[in-house]
Student: 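One structure is given below, represented as C-alpha cells, and several questions about it will come after.
It should be emphasised that the depicted structure is a prediction, and the values quoted were computed from it without experimental measurement.
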Amino acid sequence: MADHIIKLTDEHAVRTEEAARVASNAGTTAGAIFERRNPVKTLTLQPQIVEVLSTIFDPEIPVNIYELGLIYEIAVDSDHGVGVRMTLTAPGCPAAQSLPVEVVNKLKQLPGITDAHVDIVWDPPWDKDRMSDAAKLQLGMF
C-alpha cells in the first residue's frame with residue numbers, strides 16, 4: 001500500500017513540475033528573472049502584483065493564494081518581466097496544474113508587464129503558520 005501512495009505522490013509532483021514549466025513558457029524559469037531582478041521596479045510593482053495574486057483562490061480553500069502564504073517571493077526585472085516563487089499546500093494538490101498557469105496569465109494582463117514566470121518550490125514546505133492572520137481568522141483557526 002505504501003508503494004502506491006509514493007507512486008501517486010511522485011506522479012502528482014511530476015505533473016506539478018510539468019505544469020509550472022508550461023506556465024513559465026516551456027522551461028524558462030522565474031530564476032532568470034530573480035538573477036536580474038531590479039529592486040526599484042520590484043518595489044514599485046509589488047503592490048499591483050500582490051493585488052492580482054490576491055484574486056487567485058485555491059479551489060479547495062476559500063482564501064486567496066497570497067493570504068494562504070503560497071507566494072514565497074516576487075521579483076521584477078528591468079524589462080518588466082515578473083518572477084514568482086510559490087508553493088502549493090501539498091505535492092498532490094489538485095490545483096497543481098491550474099494555479100501556476102492562472103498566476104502567469106493574470107500577471108501578464110497587468111499593464112506594463114512584458115512576461116511572467118512561476119517556479120514551484122517545496123522548500124520550505126508550506127504549513128498553516130505561513131497563512132496571514134486574516135486567512136486564519138477567515139478559516140476559524142484562531
Side-chain angles (χ1 to χ4, degrees), residues 2 4-142:
H4 296 292
I5 293 171
I6 292 170
K7 288 177 183 174
L8 179 62
T9 302
D10 289 346
E11 180 181 322
H12 282 297
V14 167
R15 281 191 279 167
T16 300
E17 290 172 13
E18 287 172 9
R21 276 195 298 277
V22 168
S24 294
N25 209 7
T28 303
T29 66
I33 292 171
F34 281 94
E35 287 177 15
R36 59 180 193 265
R37 100 174 67 206
N38 180 310
V40 173
K41 291 195 185 289
T42 299
L43 188 61
T44 302
L45 291 171
Q46 189 157 343
Q48 294 169 295
I49 293 167
V50 168
E51 186 176 332
V52 166
L53 295 174
S54 296
T55 68
I56 302 170
F57 289 79
D58 184 307
E60 296 185 324
I61 306 170
V63 176
N64 70 67
I65 62 172
Y66 189 79
E67 295 295 328
L68 270 177
L70 298 181
I71 305 301
Y72 285 179
E73 196 172 6
I74 298 167
V76 180
D77 66 13
S78 295
D79 297 325
H80 290 113
V82 177
V84 174
R85 288 191 177 127
M86 67 177 286
T87 194
L88 302 167
T89 54
C93 175
Q97 293 184 28
S98 62
L99 282 178
V101 173
E102 187 175 358
V103 168
V104 166
N105 290 338
K106 286 197 174 187
L107 288 175
K108 284 183 175 181
Q109 292 176 13
L110 271 173
I113 299 302
T114 58
D115 206 359
H117 299 280
V118 171
D119 284 347
I120 300 293
V121 297
W122 301 107
D123 188 34
W126 181 87
D127 66 29
K128 64 182 180 181
D129 293 334
R130 298 196 58 86
M131 295 185 336
S132 70
D133 289 343
K136 291 175 184 174
L137 185 62
Q138 185 175 352
L139 294 172
M141 299 179 87
F142 271 122

Student: At what distance, to the nearest 0.5 angstrom, does CG of Asp79 lie from CG of Asn38?
Tutor: 9.5 Å
Student: Between Thr87 and Val121 (side chain of the first, backbone of the second, donor and acceptor by atom type, cut-off under 3.5 Å), is there such a pair?
Tutor: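 Indeed, once roles are kept as given, a pair shorter than 3.5 Å links the two residues.
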Student: Report the distance from atom CG of Leu53 to atom CE of Met86, rounding to the nearest 0.5 Å.
Tutor: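 Reported to 0.5 Å precision, the distance equals 8.5 Å.
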Student: Would you give the length of the straight line joining atom CD1 of Ile74 to atom CG of Leu107, rounded to the nearest 0.5 angstrom?
Tutor: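 If I round to the nearest 0.5 Å, the distance is 8.0 Å.
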Student: Could you check whether any side-chain heavy atom of Asp123 comes within less than 4.5 Å of a side-chain heavy atom of Pro125, counting everything from C-beta outward?
Tutor: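 Yes, their side chains come closer than 4.5 Å.
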Student: Nearest 0.5 angstrom please: Glu35 CD to Ile33 CD1, how far?
Tutor: 10.5 Å
Student: For Leu45 and Leu110, run side chain to side chain contact (heavy atoms under 4.5 Å, CB included): C-alpha distance rounded to whole Å, both residues' side-chain angles, the deciding distance at 0.1 Å, then the answer.
Tutor: CA-CA 10 Å; Leu45 291 171; Leu110 271 173; over 6 Å; no
Student: Would you say the side-chain atoms of Gln138 pair up with the backbone N or O of Pro62, donor to acceptor, closer than 3.5 Å?
Tutor: yes
Student: Check salt bridge (Lys or Arg N to Asp or Glu O under 4.0 Å) between Asp77 and all other residues, then give those that pass, not counting sequence neighbours.
Tutor: Arg36
Student: Might you point out which heavy atoms bring Ser54 and Asn64 nearest each other, and give the distance in Å?
Tutor: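 Smallest interatomic distance, heavy atoms only, reads O-CB, 3.2 Å.
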Student: Let me see the working for Trp126 and Leu70 under side chain to side chain contact (heavy atoms under 4.5 Å, CB included), right down to the final yes or no.
Tutor: CA-CA 7 Å; Trp126 181 87; Leu70 298 181; 3.6 Å; yes
Student: Taking all heavy atoms of Asp119 and all of Ala30, pick out the closest pair and write down the distance.
Tutor: OD1-N, 3.1 Å
Student: Which heavy atom in Ala95 sits nearest to a heavy atom in Pro100, and how many Å separate them?
Tutor: O-CD, 4.0 Å
Student: Lys106 and Ile56: which non-hydrogen atoms are nearest, and at how many Å?
Tutor: CD-CG1, 3.7 Å
Student: With sequence neighbours left out, write down each residue that passes salt bridge (Lys or Arg N to Asp or Glu O under 4.0 Å) with Glu73, or none if nothing qualifies.
Tutor: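 If we apply the salt bridge (Lys or Arg N to Asp or Glu O under 4.0 Å) test to Glu73, skipping adjacent residues, the hits are Arg37, Arg85.
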Student: Atom CD in Glu67, atom CG in Leu139: separation rounded to 0.5 Å?
Tutor: 10.5 Å
Student: What verdict does the side chain to side chain contact (heavy atoms under 4.5 Å, CB included) test give for Lys128 and Lys136, after you've listed the backbone C-alpha separation in whole Å, the side-chain angles of each residue and the deciding distance to 0.1 Å?
Tutor: CA-CA 8 Å; Lys128 64 182 180 181; Lys136 291 175 184 174; 5.6 Å; no
Student: Between Val82 and Val76, which heavy-atom pair has the shortest distance, and what is it?
Tutor: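 Taking Val82 first and Val76 second, the nearest heavy atoms are CG2-CG2, 4.2 Å.
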Student: Do Thr89 and Ile61 pass the side chain to side chain contact (heavy atoms under 4.5 Å, CB included) test, and can you show the C-alpha distance, the side-chain angles, and the key distance before you say yes or no?
Tutor: CA-CA 10 Å; Thr89 54; Ile61 306 170; 4.2 Å; yes
Student: Taking all heavy atoms of Ala116 and all of Val104, pick out the closest pair and write down the distance.
Tutor: O-CG1, 3.7 Å
Student: How long is the gap from NE2 on His80 to CG on Asp115, to the nearest 0.5 Å?
Tutor: 13.0 Å
